[in-house]
Q: 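Handing you this structure, nothing more for now.
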Amino acid sequence: PLKPFNRQALPRLKRRSFGATRCDSTTGDKINQVSSSSGVVYVHSEQLIRLCDTLLKVPKRAGMVHSLLEAYGLLQNMTVLPPHRTTKEDLTVFHSQDFVDCLERLNQEDDSEKNEELKQQFGLGYDCPTIPHVFDFVCLAAGATLRAAQALVNGESRVAINWCGGWHHAKRDEASGFCYVNDVVLGILKLREKFDRVLYLDLDLHHGDGVEDAFCYTPKVLTCSFHKYCPGFFPGTGSVDDVGIGKGKFYSVNVPLKDGIQDNQYFSVFCRVVDQLKQCYNPSAIVVQCGADTLADDPMQSFNMTPTGLARCLHHVVSAWQLPTLLLGGGGYRLANTARCWANLTATVLGCRLPAEIPEHEHFLEYGPDYQLDVSPTHRPNLNTDEYIEKTIAAITENLEKISDG
Ligand SMILES: CC1(C)CN(C2CCCC2)C(=O)N1c1ccccc1/C=C/C(=O)NO
Ligand SMILES: [Zn+2]
């Protein structure tokens with residue numbers, strides 16, 4: 001009788017696959033070779049992590065995200081590139097010279113009493129304390145987003161990721177909402193060097209006001225933000241009637257939501273809005289700000305989402321549309337859950353399925369007591385009635401009927 005076929009005896013085949021990267025279920029190791037043009041670029045450096053980890057409100061979050069991706073073996077499936085070190089000229093493509101000069105001047109000192117009125121003038125005070133090395137941080141975080149955008153412009157990859165970016169509140173001449181530089185605007189302006197119509201999707205709990213403000217006058221960038229909208233909640237903008245101005249009218253889309261929304265309802269709203277945007281705007285590239293402060297257990301205690309819910313939304317646009325895609329971070333204040341979420345999103349764009357158990361690594365103990373990848377929704381009332389959702393989507397649909405594809 002023939003000897004039983006012994007798979008182990010064969011060398012591991014480098015089978016050509018057509019786009020999808022399959023990962024085996026243990027460490028996420030790549031099985032099929034993916035051609036680089038459809039691959040994923042991940043921008044990273046130890047200095048970037050170190051500077052981000054000093055950020056007061058999300059201490060060590062950048063390091064936790066990176067080490068979880070590494071522990072799951074996801075870095076082996078991506079092209080890891082260092083950030084650009086941006087110059088002041090790179091930053092003044094969007095920000096004012098005075099604001100950039102101020103950030104540079106404050107780079108050395110801590111939050112001392114000097115320059116008090118100078119800091120007030122540029123929004124550097126309570127929400128945005130002048131952290132040590134603030135200018136170094138700004139240059140590297142923006143440089144990482146610019147390097148990711150450059151990879152898409154060069155055709156080095158179809159997807160590019162900077163989890164240390166997504167600072168969507170910063171204005172041209174003012175820090176805001178804990179955002180010192182608007183790397184999102186800088187990244188979109190870089191993409192516009194090649195792509196005619198850029199779609200910006202903001203999934204953060206907060207309205208992406210800084211990005212919307214930057215592009216509210218132009219139809220070349222359509223900004224669409226899904227966020228909590230209720231009296232007194234920061235930044236207070238982003239009502240459904242906020243549609244943009246002049247030539248940009250109807251090219252700002254806002255999806256205001258209430259507390260308690262969960263995965264299924266969010267996914268339904270998300271698809272009904274973005275499928276219309278795809279159809280009537282026909283974008284040539286997309287940017288997704290993946291702020292994780294919408295998760296169930298976030299200290300913001302607002303939405304009731306899980307990483308799986310956000311991954312379904314991302315899969316719907318990134319994998320189905322196959323457009324050049326820039327993924328950025330953002331909010332997310334339960335640090336381990338933010339790392340869980342962005343590991344899940346990274347695996348989603350790689351076509352990898354991750355084991356439910358958090359792998360052993362430097363920050364393993366932060367994932368207790370369950371040490372599982374997924375996060376469960378909590379029992380909280382959902383204030384988004386079907387009637388409210390239908391009314392909101394009807395208003396958005398009416399606005400979108402007024403734009404044709406670019
Ligand atoms: C200072 C932090 C950023 C932290 N934080 C919470 C989280 C947990 C404990 C405090 C806030 O509400 N913040 C803010 C304060 C003032 C204005 C804006 C924000 C948040 C913006 C944001 O997330 N945009 O996407
Ligand atoms: Zn936020």
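For ligands, and for the atoms within them, numbers begin at 1 and follow the listed sequence.
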Q: Decide, yes or no, whether a salt bridge links Asp297 with Arg334 under the criterion of side-chain N to carboxylate O below 4.0 Å.
A: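 Result for this pair is yes, salt bridge flagged.
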Q: Parallel, tilted or perpendicular, judged at 30° and 60°: which one describes the rings of Phe137 and Tyr180?
A: perpendicular
Q: Run the ring-centre check on Phe99 versus His95 and record whether the distance is less than 6.0 Å.
A: yes
Q: Does some non-hydrogen atom of the protein lie less than 4.0 angstrom from atom 3 (C) of ligand 1?
A: yes
Q: With atoms numbered from 1 as shown, which atoms in ligand 1 lie under 4.0 angstrom from a non-hydrogen atom of His168?
A: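 Every atom of ligand 1 under 4.0 Å from some heavy atom of His168: 24 (N), 25 (O).
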Q: Mind listing the closest non-hydrogen atom pair of Phe94 and Lys171 along with its distance?
A: CE2-C, 3.9 Å
Q: Answer yes if the ring centres of Phe215 and Tyr200 are under 6.0 angstrom apart, and no otherwise.
A: no
Q: With 2.8 Å as the threshold, which protein atoms of type N, O or S lie near the Zn ion (ligand 2)? Leave waters out.
A: Asp204 OD1, His206 ND1, Asp293 OD2
Q: Heavy atoms only: which of His207, Met300, Gln301, Gln289 lies closest to atom 11 (C) of ligand 1?
A: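 Checking each option, the heavy atom nearest atom 11 (C) of ligand 1 is found in Met300.
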Q: Using a strict cut-off of 4.0 Å, indicate which atoms of ligand 1 neighbour a heavy atom of Gly177.
A: 17 (C), 18 (C), 21 (C)
Q: So if I count the atoms of ligand 1 from 1 in the order they appear, which ones are less than 4.0 Å from some heavy atom of Pro299?
A: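 Answer, ordered by atom number: 8 (C).
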Q: Output yes when Arg61 and Glu366 qualify as a salt bridge under the 4.0 Å nitrogen-oxygen rule, no when they do not.
A: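 No salt bridge links Arg61 with Glu366.
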Q: Please work out, at 4.0 Å between heavy atoms, whether the side chain, the backbone, both, or neither of Leu205 comes within that distance of ligand 1.
A: neither
Q: Look at Arg147 together with Asp183 and state whether they make a salt bridge at an N to O cut-off of under 4.0 Å.
A: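 Asp183 and Arg147: not salt-bridged.
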Q: Please list, in number order, the atoms of ligand 1 under 4.0 Å from a heavy atom of Phe178.
A: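 Selected atoms, number and element: 3 (C).
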Q: For atom 23 (O) of ligand 1, is there a protein heavy atom at a distance under 4.0 Å?
A: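 Yes; the ligand atom in question has protein heavy-atom contact below 4.0 Å.
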Q: Could you point out which residue of Arg380, Lys228, Lys258 forms a side chain to side chain donor-acceptor pair (under 3.5 Å) with Ser302?
A: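 Single pass found, and it is Lys228.
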Q: Would you check if Cys290 and Leu310 make a side-chain contact, meaning some heavy-atom pair closer than 4.5 Å?
A: no
Q: State the atoms of ligand 1, each with its element, that fall below the 4.0 Å cut-off from a heavy-atom position in His206.
A: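 Counting atoms of ligand 1 from 1, those under 4.0 Å from His206 are 20 (C), 21 (C), 22 (C), 23 (O), 24 (N), 25 (O).
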Q: Are any of the N or O atoms of Lys57 closer than 3.5 Å to those of ligand 1?
A: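 For ligand 1, there is no N or O atom that lies under 3.5 Å from one belonging to Lys57.
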Q: Are Tyr72 and His361 an aromatic pair by the rule of ring centers under 6.0 Å?
A: no
Q: Relative to the heavy atoms of Asp204, which atoms of ligand 1 are at a distance of less than 4.0 Å?
A: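 Atoms satisfying the 4.0 Å criterion: 24 (N), 25 (O).
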Q: Nearest protein heavy-atom contact for atom 7 (C) of ligand 1: which residue, which atom, what distance?
A: Tyr333 CG, 3.4 Å
Q: For atom 17 (C) of ligand 1, is there a protein heavy atom at a distance under 4.0 Å?
A: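 Within 4.0 Å: yes, protein heavy atom nearby.
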Q: Does His206 have its ring centroid less than 6.0 Å away from the ring centroid of Phe233?
A: yes
